[in-house]
Novice: 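Below you will find the structure I want to go over with you.
Values reported hereafter were calculated over all heavy atoms of this structure, with side chains retained and with hydrogens, waters and symmetry mates removed.
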Amino acid sequence: MSKISVDAARLPLLLNELRLPAIGRLWPDLAARADKEAWPATRFLSALAELELAERARRRIERHLLEARLPPGKTLDGFDFNAVPMLSKAHVLALASGDTWLSKGANLLLFGPPGSGKSHIATALGRTLVENGYRVLFTRTTDMVQRLQAERQSLQLAAAIARLDRFDLLVLDDISYVSKDQAETSVLFELIAARYERRSLLITANQPFGDWGKVFPDPAMTVAAIDRLVHHATIFEMNVESYRRRTAITRKPKPNQQPAETTA
Ligand code: ADP
Ligand code: MG
């Protein structure tokens, strides 16, 4: 081994250059402790490496929480599952752990009247998933459509949709609030088709499929979009009154049906 010069005064500079801020901050205390307790060098070094890694993971999650744009203050702990008996807490907690559905690109559809807690559940799930290491983006569907329409105008739609692939889960809140003029382009369909069986969507709506005819340019595209969305989907109808409708909407719509009929 060649001679190594040791100059503790240069250490902050070296660690900065190596981009090891946690080690830079923590080494003096840890070194003092290691000296005092006569740690083997290996133990000291691996303790520092672990601290840097843990700090990186923490910063990554912090970054992902910021980029997720989740509405503040909505957590799973803060959700009263007793208020929505149709919603199985165990099922929601299983979804919050991520693994199987996100890796398959499966979807989650939340239906229920205004105030039934759809946005709360969507936000809380998103937050927990980010904390579990996944990447999430929460948007109102109208905002997403507007954004994709702008990309289409500058011929960047495919690239913009591809960039959204970095998110394991895209939350499209209130799909049925897409306005008629927004529906004239097919950007939302293109997004749904591009993510199909690859990347997950969480969609909320006041009504299951019934009024989705105004969300897409034509009935055939509406049916095609719904078909893709429900193919691998968990559907929660957050409506305590209508058990019959709840079972009806989990049926896969037939391709030749008008969308309005699929909810009848
Ligand atoms: P939706 O998106 O279905 O219209 P929200 O999720 O916005 O409804 O819920 C409306 C308000 O009520 C929010 O402040 C939300 O946090 C709260 N809320 C709804 N359902 C519950 C629940 N079961 N437990 C706790 N808070 C709830
Ligand atoms: Mg809402």
Side-chain angles (χ1 to χ4, degrees), residues 71 79 83-88 91-92 95 101 105-123 125-126 138-149 169-197 199-264:
F79 193 80
V84 194
M86 314 316 251
L87 195 64
S88 151
H91 199 160
V92 171
L95 291 170
W101 69 294
N107 300 319
L108 177 57
L109 308 179
L110 301 182
F111 300 131
S116 58
K118 304 180 297 295
S119 299
H120 187 137
I121 282 289
T123 306
L125 255 180
F138 183 106
T139 60
R140 292 189 303 182
T141 314
T142 54
D143 292 345
M144 178 56 76
V145 169
Q146 207 166 32
R147 176 168 150 189
L148 293 179
Q149 280 177 329
L169 179 68
L170 208 55
V171 179
L172 300 178
D173 199 25
D174 284 323
I175 194 172
S176 37
Y177 291 172
V178 169
S179 63
K180 205 163 161 34
D181 62 313
Q182 281 188 308
E184 278 160 17
T185 64
S186 58
V187 289
L188 194 54
F189 177 78
E190 310 225 357
L191 177 65
I192 290 166
R195 289 182 78 89
Y196 176 58
E197 294 192 322
R199 288 299 204 198
S200 297
L201 290 166
L202 191 170
I203 293 182
T204 78
N206 289 338
Q207 282 181 38
F209 311 125
D211 55 356
W212 290 30
K214 68 174 188 58
V215 175
F216 299 96
D218 59 67
M221 201 178 274
T222 308
V223 172
I226 294 173
D227 202 49
R228 281 166 177 75
L229 285 175
V230 301
H231 186 195
H232 309 285
T234 300
I235 299 178
F236 289 133
E237 164 72 90
M238 296 166 66
N239 185 344
V240 284
E241 301 151 36
S242 176
Y243 180 73
R244 264 180 288 118
R245 198 177 74 172
R246 186 168 71 102
T247 51
I249 57 113
T250 53
R251 280 205 307 265
K252 190 174 155 185
K254 296 194 181 77
N256 61 351
Q257 270 184 325
Q258 291 296 312
E261 294 176 68
T262 62
T263 61

Novice: Please check: side-chain N/O of D173 versus main-chain N/O of T139, any donor-acceptor pairing under 3.5 Å?
Specialist: no

Novice: Could you tell me the separation between the CD1 atom of I121 and the NZ atom of K118, rounded to the nearest 0.5 Å?
Specialist: 11.5 Å

Novice: Please step through side-chain contact (heavy atoms from CB on, under 4.5 Å) for the pair L202 and L170, ending with a clear verdict.
Specialist: CA-CA 6 Å; L202 191 170; L170 208 55; over 6 Å; no

Novice: Search all heavy atoms of N107 against all heavy atoms of G105 and return the closest pair with its distance.
Specialist: OD1-O, 3.7 Å

Novice: So, taking the atom named CZ in R140 and the one named CD in Q146, what distance separates them when rounded to the nearest 0.5 Å?
Specialist: 9.0 Å

Novice: Taking all heavy atoms of A122 and all of V171, pick out the closest pair and write down the distance.
Specialist: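 Where A122 meets V171 most closely, the heavy atoms are CB-CG1, 3.9 Å.
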
Novice: What do the steps show when you test V230 against L109 for side-chain contact (heavy atoms from CB on, under 4.5 Å), and what is the final call?
Specialist: CA-CA 8 Å; V230 301; L109 308 179; 3.9 Å; yes

Novice: Relative to each other, are the rings of F209 and W212 parallel, tilted or perpendicular (30° and 60° limits)?
Specialist: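 Geometry flag for W212 against F209: perpendicular rings.
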
Novice: From Q182 CD over to L148 CG, what is the distance, rounded to the nearest 0.5 angstrom?
Specialist: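 The distance works out to 10.5 Å.
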
Novice: Rounded to the nearest 0.5 Å, what's the gap from CE on M86 to CE on M238? Could you check?
Specialist: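 It comes to 11.5 Å.
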
Novice: When you measure from the side chain of Q149 to the backbone N and O of V187, does any donor-acceptor pair fall under 3.5 Å?
Specialist: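 No, Q149 side chain to V187 backbone: no donor-acceptor pair under 3.5 Å.
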
Novice: Can you find a heavy atom in the side chain of L169 that is under 4.5 Å from one in the side chain of W101?
Specialist: yes

Novice: What's the spacing between I203 CD1 and F111 CZ if we round to 0.5 Å?
Specialist: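 If we round to the nearest 0.5 Å, I203:CD1 and F111:CZ are 8.0 Å apart.
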
Novice: Measuring from atom CG of L201 to atom CZ of R228, what distance do you get when rounded to the nearest 0.5 angstrom?
Specialist: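 Going from the CG atom of L201 to the CZ atom of R228 covers 12.5 Å.
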
Novice: For residues Y177 and T142, report the shortest heavy-atom separation together with the two atoms involved.
Specialist: O-CG2, 3.2 Å

Novice: Should V145 and V215 count as side-chain neighbours, where that means a heavy-atom distance under 4.5 Å?
Specialist: no

Novice: Compute whether any side-chain donor of one residue and acceptor of the other, for S176 and N206, lie under 3.5 angstrom apart.
Specialist: no

Novice: Please name the pair of heavy atoms, one in A225 and one in I192, separated by the smallest distance, quoted to 0.1 Å.
Specialist: O-CG2, 4.0 Å

Novice: Where the side chain of K214 meets the backbone of V178, is there a donor-acceptor pair that is under 3.5 Å apart?
Specialist: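 Answer holds: yes.
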
Novice: Do T141 and D174 pair up side chain to side chain, a donor and an acceptor below 3.5 Å, judged on atom types alone?
Specialist: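 No.
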
Novice: Quick one: does S186's side chain have a donor or acceptor within less than 3.5 Å of a partner on F189's backbone?
Specialist: no

Novice: Evaluate V92 against L87 for side-chain contact (heavy atoms from CB on, under 4.5 Å), listing each step before the verdict.
Specialist: CA-CA 8 Å; V92 171; L87 195 64; 3.8 Å; yes

Novice: For side-chain contact (heavy atoms from CB on, under 4.5 Å), just list the numbers for F138 and D143, CA-CA rounded to whole Å, side-chain angles, deciding distance to a tenth of an Å, and then say yes or no.
Specialist: CA-CA 10 Å; F138 183 106; D143 292 345; over 6 Å; no

Novice: Any donor-acceptor pair under 3.5 Å linking the side-chain atoms of Y196 with those of H231?
Specialist: yes

